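Below is one structure, written out as structure tokens, with a few remarks after it.
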Amino acid sequence: MICSLSLLLSRGSFASLVAIVVVGLSGCVQPSARLSPEPISTTVNREKLALDLQERGELAEALIQWTILSTIEPANRDYENRVTRTKQLIDNKSKSLMLDGMSNLRRGAREAARLSFLKVLALNPRNKEALEHLRQLAMPPSTESKNGGKS
């Protein structure tokens with residue numbers, strides 16, 4: 001065998017040698033026992049991610065993961081319940097942050113109010129009230145409030 005390999009190499013049949021090696025080694029390869037994707041591990045990993053996000057208070061991102069899981073496994077009622085519960089948590093947190101923002105606004109703490117409203121939008125980008133308050137905060141304070149309403 002070594003003589004025939006050296007003869008092939010000496011004649012410039014390197015491609016032939018590679019083909020022989022590949023064919024010989026292909027008999028050593030075993031087909032995978034699982035040809036299908038691994039939805040279980042993917043689901044488990046996504047569930048762990050959702051729980052971790054929720055624990056860290058990243059509710060909007062957690063909601064995305066729970067929604068994906070409930071779509072992947074529609075028969076799993078736990079995922080649908082987690083979607084509902086996370087939406088409730090987002091709603092409660094948004095309301096609390098809106099109250100903080102409004103309180104800060106009344107006290108004249110514009111930057112604290114702005115941060116509260118931004119946090120609301122991070123949880124719920126469609127919150128029109130928070131967006132409107134941010135628009136108002138982006139404008140310079142009115143001159144009326146500075147000189148007692150006189151122009």
Side-chain angles (χ1 to χ4, degrees), residues 9 13-151:
L9 285 174
S13 300
F14 183 72
S16 298
L17 174 64
V18 170
I20 291 170
V21 171
V22 169
V23 170
L25 290 176
S26 66
C28 299
V29 176
Q30 296 295 320
S32 174
R34 282 183 89 162
L35 297 176
S36 63
E38 299 183 52
I40 293 173
S41 68
T42 301
T43 301
V44 169
N45 290 339
R46 193 171 295 278
E47 187 174 336
K48 286 179 184 176
L49 175 60
L51 289 169
D52 183 50
L53 289 166
Q54 201 154 347
E55 187 176 302
R56 292 190 323 232
E58 298 178 33
L59 300 175
E61 292 82 4
L63 178 60
I64 291 169
Q65 298 306 317
W66 291 125
T67 302
I68 291 169
L69 284 165
S70 69
T71 302
I72 292 171
E73 293 189 26
N76 188 330
R77 299 305 306 156
D78 181 52
Y79 293 149
E80 190 56 42
N81 291 336
R82 298 241 185 204
V83 167
T84 301
R85 184 166 180 264
T86 305
K87 285 180 179 179
Q88 290 170 343
L89 288 171
I90 288 172
D91 188 47
N92 292 340
K93 184 70 174 173
S94 293
K95 286 177 182 175
S96 173
L97 287 166
M98 281 299 298
L99 289 173
D100 287 347
M102 297 301 294
S103 173
N104 287 325
L105 204 53
R106 281 191 296 276
R107 290 185 302 118
R110 293 173 59 86
E111 185 59 23
R114 189 179 77 77
L115 289 174
S116 292
F117 298 136
L118 285 171
K119 288 177 183 179
V120 170
L121 289 177
L123 287 170
N124 181 2
R126 293 185 177 139
N127 188 307
K128 292 177 184 177
E129 187 179 0
L131 187 59
E132 184 55 36
H133 284 295
L134 282 172
R135 282 186 187 136
Q136 290 173 2
L137 284 168
M139 293 186 274
S142 69
T143 55
E144 284 185 25
S145 62
K146 289 183 180 176
N147 61 18
K150 299 176 184 171
S151 300

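Numbering of residues begins at 1 and proceeds along the displayed sequence. Fair warning: this is a prediction, and the values are worked out from it, not measured in the lab.
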Taking all non-hydrogen atoms of both residues, which atom of [X] and which atom of [Y] are closest, and how far apart?
X      : Y      : result
Ala62  : Ala50  : CB-O, 3.7 Å
Asn127 : Leu121 : O-CD2, 3.5 Å
Leu97  : Lys119 : CD1-CB, 3.6 Å

Using only atom types and a distance under 3.5 Å, with no angle test, would you say the side chain of [X] pairs donor to acceptor with the backbone of [Y]?
X      : Y      : result
Asp91  : Lys87  : no
Arg110 : Leu137 : yes
Thr67  : Leu63  : yes

ask   = Taking NZ, NE, NH1 and NH2 as the nitrogens, is one of them in Arg77 or Glu80 under 4.0 Å from a carboxylate oxygen of the other?
value = no
Is there a side-chain contact between [X] and [Y] (heavy atoms, below 4.5 Å)?
X      : Y      : result
Gln54  : Leu89  : yes
Ser116 : Asn104 : yes
Leu69  : Asn76  : no
Asp100 : Phe117 : no
Asp78  : Arg82  : yes
Gln136 : Glu132 : yes

TODO: Would you please say whether a donor-acceptor pair under 3.5 Å links the side chains of Glu47 and Trp66?
DONE: no
Q: Take atom CD of Glu111 as the centre, draw a 6.0 Å sphere, and report whether it contains more than 12 heavy atoms from other residues, nucleotides or ligands.
A: yes
Applying side-chain contact (heavy atoms from CB on, under 4.5 Å) to Arg56 and not counting sequence neighbours gives Asp52, Leu53, Glu58
